[in-house]
Amino acid sequence: MQDTDMLPREEAVQLIDQDGAVVADDHYALPDTASLLRAYRGLVEGRRINDQASALVRQGRLAVYPSSHGQEACQIGVALALAETDWLFPTYRDSVAVIARGVSAADALVLLKGDWHSGYDVKTHRVAPQATPLATQLLHAVGFAYAAKQRGEDTVVVALCGDGATSEGDFHEAMNFAAVFHVPVVFFVQNNGFAISVPLSRQTAAPSLAHKAIGYGMPGQRVDGNDVAAVLAVLGEAVERARTGGGPALIEAHTYRMQAHTNADDDTRYRERAEVQAWVARDPLTRLRAHLTASGVLDEALDAEYAAGAETIAQAMRDALNADAELDPEDLFRFVTAARSPQLEEQWQLLRGEIDRTPAETSGGAR
Amino acid sequence: MQDTDMLPREEAVQLIDQDGAVVADDHYALPDTASLLRAYRGLVEGRRINDQASALVRQGRLAVYPSSHGQEACQIGVALALAETDWLFPTYRDSVAVIARGVSAADALVLLKGDWHSGYDVKTHRVAPQATPLATQLLHAVGFAYAAKQRGEDTVVVALCGDGATSEGDFHEAMNFAAVFHVPVVFFVQNNGFAISVPLSRQTAAPSLAHKAIGYGMPGQRVDGNDVAAVLAVLGEAVERARTGGGPALIEAHTYRMQAHTNADDDTRYRERAEVQAWVARDPLTRLRAHLTASGVLDEALDAEYAAGAETIAQAMRDALNADAELDPEDLFRFVTAARSPQLEEQWQLLRGEIDRTPAETSGGAR
Amino acid sequence: MTIAEHDVRTEASTPAVATMSMAAALNLALADAIQADPEVVVFGEDVGALGGVFRITDGLTARFGEDRCFDTPLAESGIVGTAVGMAMNGMRPVVELQFDAFALPAFEQVVSHVAKLGNRTRGGVRMPLVIRIPFGGGIGGVEHHCDSSEAYYAHTPGLTVVSPSTPQDAYSLLRAAIASPDPVIFLEPKKLYWAKGEVDTSVTAEIGTARVAREGTDVTLLAYGSSVPLALEVAEVAAAEGRSVQVVDVRSLSPFDDETVTAAVRSTGRAVVIAEAPGYVSVASEIQARVFERCFEYLEAPVRRVTGFDTPYAPPKLEHWYLPDVDRVLDAIDSLHWEDEK
Amino acid sequence: MTIAEHDVRTEASTPAVATMSMAAALNLALADAIQADPEVVVFGEDVGALGGVFRITDGLTARFGEDRCFDTPLAESGIVGTAVGMAMNGMRPVVELQFDAFALPAFEQVVSHVAKLGNRTRGGVRMPLVIRIPFGGGIGGVEHHCDSSEAYYAHTPGLTVVSPSTPQDAYSLLRAAIASPDPVIFLEPKKLYWAKGEVDTSVTAEIGTARVAREGTDVTLLAYGSSVPLALEVAEVAAAEGRSVQVVDVRSLSPFDDETVTAAVRSTGRAVVIAEAPGYVSVASEIQARVFERCFEYLEAPVRRVTGFDTPYAPPKLEHWYLPDVDRVLDAIDSLHWEDEK
Ligand SMILES: Cc1ncc(C[n+]2csc(CCOP(=O)(O)OP(=O)(O)O)c2C)c(N)n1
Ligand SMILES: Cc1ncc(C[n+]2csc(CCOP(=O)(O)OP(=O)(O)O)c2C)c(N)n1
Ligand SMILES: [Mg+2]
Ligand SMILES: [Mg+2]
């Protein structure tokens, strides 16, 4: 590889434009119709999951929800680009990707509901717990991939983070370790223009985030993050290269967070409505719907079928989150270490005594 | 600036080759004779300081000395590239640069002698304390430059670090803050091929360390770090650009640490003697001597004069370090905070009582 | 809700008394400090246009400009490390780190430089910087948003560590912290951000002093931050049961006001320390140990502590079992050998 | 001096008894662990060809190959963060961080992930990793090379923290740490690296247990790491003066062996805690507090502590004034109200 081959293109890769028209590309092929249809279905479901979760926040059933509304092409693209035996290292914003990977919505939302810090079995789904401390999970992904490579497994690990997280030291250390040890990791940055309120111009003065790749000795690429076809193509290539011993890569997806950072945020304080409005036209769902409709593979009946499928997921979310989980306070002490220390046992006995003395009607809820 | 203008050259900039011959360059001009002579004198002194300090370690007068033997062109180049009102942020290995900046050798070596953690007045010399925790000082340099810029001063800050330190998260955060806030800082990396025992190939897979610059949106350049003329030219340009509002830059100097990491290190464990030997021919001193002699500006008399000057510095080092400083144990409590807390006063009284009860003959030394 | 909506903003030049939330008091202290000293700069993540995730810096950028209050790239070591450099060059940075857990990436800078640079340079360089951290739990936050990390800072020589429990102390201690020549870790109990109280901007606070928050004769509760209102609530309940409870707001975790605390505990002969953080190797253990040592001859019973458990902070739905509460403190008080009383 | 020169290397399969330095015992434990379990990997800065700056990993790469012992880029958060990922994927990483102060860049990874991942996943993912840190002072090191940071780790729920004071414990505790399903912070007292003792590789150590290092009846010294030999020296001197001093090597800083410690202090009625770290909010204050609380009725005098001062670690030439020494401990013992003795 020539040095400058590691630099990303001047323009983000786009295969379907915002009106649904195919963009010719001399390197990346448009995914086949079956893949696009599968992706479309994923987008429909992802959008529904986002909107349902936001509604559950308003109803007080979720403590908080960082929505990926507008970023669904990244979320679904990532889930579809991975083989079953691959691993995903997501963040708090990547619930849709986590669910698309097979985790039930109820389990994926345990953290945000407040029942526990993570709610799914990471090994069954090959999805690491959603990380809150920014960029820290990128290193875990590298270590995980290192172990897989040592064992001769062909697992690829995709690590997600946002534009803001690229400023953290751990981003740098993860990129560097990945390149030095040549491990099968793809770093997929969803550049949605903001880190809470802070715009990209305050995160970097670089031509693009993907330009960081050459500084580690890995290829960097930019992709239209609202074009799931392009995401699938670019990510797919990087995943395959990693799988066949080609080492890590950095992909920057240009997208936009259509809603506030979380429900607790007020984005009118830091961005113009006109800017948000401008991104409506670039919506990942509508452009793929236009493309598939024009191609004749999607009709109203099929679209309705997908919508119904999404509604089933939404219904399951409502059911799961409207039910109060039975929580056991002893759980506080169960998992701190493999064996409970005498100190922790003593503390549990203290709490247990208190619980025993608490009138039954209040013992399950807040005191 | 075009994006790719931020990439360094394929080959490090060299203006005088290892035999003393001038290398034509279409961008960088050879510094004038007076500057080269001044640099040569600096190299002679720098080499003498390194060797004297190493001798003082063997004599037990210094606890430890990380020598820059072989790296003197970087050390002297940095000191000469700065205006008096500029600031230097050095590491443990940069004692020669610190001394070349005007700090007395005795003061510069207080840390390594073990009398205190730093021995010079940073404000008088505009030299930050030599930093031990790697890459941390790069951020201080950025903050310092930020404050200078805010005040409208034309101070430039040069921050030093090694190849190993570029792997630290703080390197990344410093580069990024510098670029985003467009502050007058030049990062000067002395790539001497090793971080203690770890070779460059274990630090990075990048085409060069200077290739990291574009990922922050600042220019990167590579220079032959054993060619003081090239160091002066490349660093001089970056310093002037920073001074005139052009923002930060990253310069990677290719050099070699001719001795072990410190006297406590055993470099035979991790590198071949042949490799070390190969670098003798690239010595920064001999090539400049050859060049200046050939140009007729340096003769034996002048060389002897410089050697005598260097010997004076060495003598001052011996005098200073052979004298035992009067140390006051109360100093332990004097500078922790501006005002001494009651707790610290209580602890000092405890120690003071012990000292008062210690037989006079042992109270100054080790118990 | 924005602080501007509270309408409490006051010009620094006019000392004033008003009722306001702790958040508003902190905002006012920052504004007054910016106005009083041209070297004061406020920065961090989201402190500009957004006004901070807790709105403590609300309106500062609009009022004083980007030069005085601004957003940085998302990197905590970067924030603290650049603050160190600015302080070396004469500024007085006041940085916000978003939550306790997100201050951890800056830990090396804090321990190896912020705490030590003054000592390293024999006072040649001072570090007049303030690191503000919204701290503690009790707000139903998810993992990493409710930790209490005062022990890490209080253990580190060279750092001053304070935590207010009232709007008045929030204002006065923050002004004192910004004016201090030394680095101050300023811990803001999130749970109390919206609790209101009177603030007199002419009142100054002295770092290093505790405050007797309630007089009492039977037992002394030693607390700080969000545990102070808890202690006061306990005192009310205990009073109804006929026990006179003294409450001391420790306030300054380092340096520590031994004089006030020792006198208080000697006067009652019994003490309970309350803190949210896990108790093991904590500020609570330190207070317990030093009170034991200094009041040994005066104690009717062992000093007890009521703290968070030695577990990671609980998820929101289990938080109420994790945090010290009135009953747990009352139980601790009950255990203080009252049977020996005549 | 290399460990190979000590010629103490033993095949893991053959239990053996030999006299060796603590450094050699640690090296042997690593070699035996690598041999015993294919998932054990050792990495860090300079641990490969160089064998570590203290030569603890001497010869491991040569003997077992780069796959089992290797150098990483120079980035501590990177080292710990990748170790977390490896542990998630079934490996048992044993990482070396070069000095206490250089472990600080990894603090966020340690606190937010290493300590919490097992809890976060309800035990679904365990973190069987060991972080080795050459720790403490007394070796004339310059700034940042002599700190004692056990308080930071011991305060953090989820971490196991141990420190050996003998070659035997160095061997046995390191093997136990590597075998543990939980993350262990393994603190190696630099000052004791070259002190020799007998090592029996068949002896196992149980994390969480203290060890009575010397019997005595008048007063109990509670110590760990390099303070243990100091305590034993004090006991010798005191014995000559007619005082019988018991010494307990706490060894496991978290979890803590209350049973052994409480029984010991109750048996003598007097106690002094010794540690090098600054005393404020420290492991020493924790021990002092819990001994006070648990032995209150048995104490003849307040429990004292002798620790490092609450200042940055001293420069080499002033180190001898900074560190706890025999006289300072004897003074503390003398203050334990002996006048009340009949
Ligand atoms: C180390 C750390 N610092 C701060 C935070 C608080 N925080 C949570 S999300 C966020 C913004 C992240 O922005 P970005 O990486 O762009 O991701 P996005 O939220 O846009 O998906 C911040 C500052 C955190 N979680 N971790
Ligand atoms: C944060 C941190 N980690 C580890 C060390 C220990 N250490 C001191 S020098 C060194 C190697 C540095 O290599 P490099 O940056 O290339 O500088 P050089 O010594 O070659 O000049 C290491 C690992 C340190 N000082 N700081
Ligand atoms: Mg973002
Ligand atoms: Mg180097």
Side-chain angles (χ1 to χ4, degrees), chain B residues 87 89 111 116-124 128-151 153 155 157 159 168-170 172-181 183 185 331-344 346, chain C residues 38-39 41 43 67-68 70-91 93 105-106 108-109 111-113 115-129 157-160 180-184 207-208 252 254-259 290:
Chain B
W87 272 74
F89 280 71
L111 166 68
W116 197 254
H117 314 295
S118 178
Y120 48 90
D121 179 39
V122 305
K123 287 175 182 164
T124 308
Q130 287 176 267
T132 303
L134 295 164
T136 54
Q137 77 283 2
L138 305 178
L139 282 164
H140 308 167
V142 172
F144 199 96
Y146 180 94
K149 183 186 168 196
Q150 283 297 104
R151 283 204 204 92
E153 295 163 3
T155 311
V157 179
E168 289 281 6
D170 273 6
H172 176 68
E173 300 189 13
M175 296 280 290
N176 195 41
F177 272 64
V180 166
F181 291 114
V183 298
V185 172
D331 281 357
L332 290 175
F333 303 92
R334 279 203 174 99
F335 312 112
V336 183
T337 42
R340 198 178 303 179
S341 72
Q343 282 85 46
L344 284 184
E346 194 177 303
Chain C
E39 296 299 353
V41 284
F43 57 98
D67 285 352
R68 308 302 299 281
F70 58 94
D71 290 326
T72 65
L74 209 169
E76 294 77 11
S77 189
I79 291 168
V80 174
T82 49
V84 166
M86 291 181 199
M88 288 179 77
N89 201 356
M91 284 185 157
E108 180 190 30
Q109 286 286 352
V111 173
S112 290
H113 294 300
K116 290 187 176 142
L117 249 163
N119 187 66
R120 180 175 308 142
T121 58
R122 306 176 69 85
V125 169
R126 282 276 156 224
M127 280 290 112
L129 64 85
L159 297 179
T160 298
S180 168
D182 296 313
V184 179
I207 290 173
S252 180
S254 179
F256 187 79
D257 185 352
D258 280 311
E259 203 179 312
R290 55 200 307 126

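So you know, we letter chains A, B, ... as the sequences are listed, proteins then strands, and number each from 1.
- Side-chain contact check for B:Y146 versus C:N89: every heavy-atom pair is 4.5 Å or farther apart.
- Contact check for C:M91 versus B:Q150: side-chain heavy atoms found under the 4.5 Å cut-off.
- Side-chain contact between B:Q343 and C:R290: present, with at least one pair of heavy atoms (C-beta onward) separated by less than 4.5 Å.
- Looking at C:D258 and B:P342, their side chains never come closer than 4.5 Å, going by heavy atoms from C-beta outward.
- Annotation: maximal heavy-atom pairing with chain C below 4.5 Å, among B:E346, B:K123, B:R151, occurs at B:R151.
- With chain C as partner, the option from B:V122, B:V142, B:T136 having the largest number of non-hydrogen pairs under 4.5 angstrom is B:T136.
- Here the CG atom belonging to B:N176 is positioned 10.0 Å from the OG1 atom belonging to C:T72, to the nearest 0.5 angstrom.
- Taking the six-membered ring wherever Trp is involved, the centroid distance between the rings of B:F181 and C:F43 does not fall below 6.0 Å.
- Chain B forms more heavy-atom pairs under 4.5 Å with one residue of C:M127, C:E108, C:Q109 than with any other, namely C:Q109.
- Residue contact with chain C, scored on non-hydrogen atoms closer than 4.5 Å, involves the backbone of B:A339 exclusively.
- Heavy atoms closer than 4.5 Å to chain C are found nowhere in B:Y120, neither backbone nor side chain.
- Side-chain atoms of B:W116 and C:N119, non-hydrogen and from C-beta on, do get closer than 4.5 Å to each other.
- A donor and an acceptor atom, one from each side chain of B:Q137 and C:H113, are nowhere located under 3.5 Å apart.
- Of the two parts of B:V336, the backbone and the side chain both hold a non-hydrogen atom closer than 4.5 Å to a non-hydrogen atom of chain C.
- Residue with the most contacts toward chain C among B:S118, B:P133, B:A338: B:A338 (heavy-atom pairs, distance under 4.5 Å).
- Residues B:F144 and C:M86 fail the side-chain proximity criterion, which asks for heavy atoms closer than 4.5 Å.
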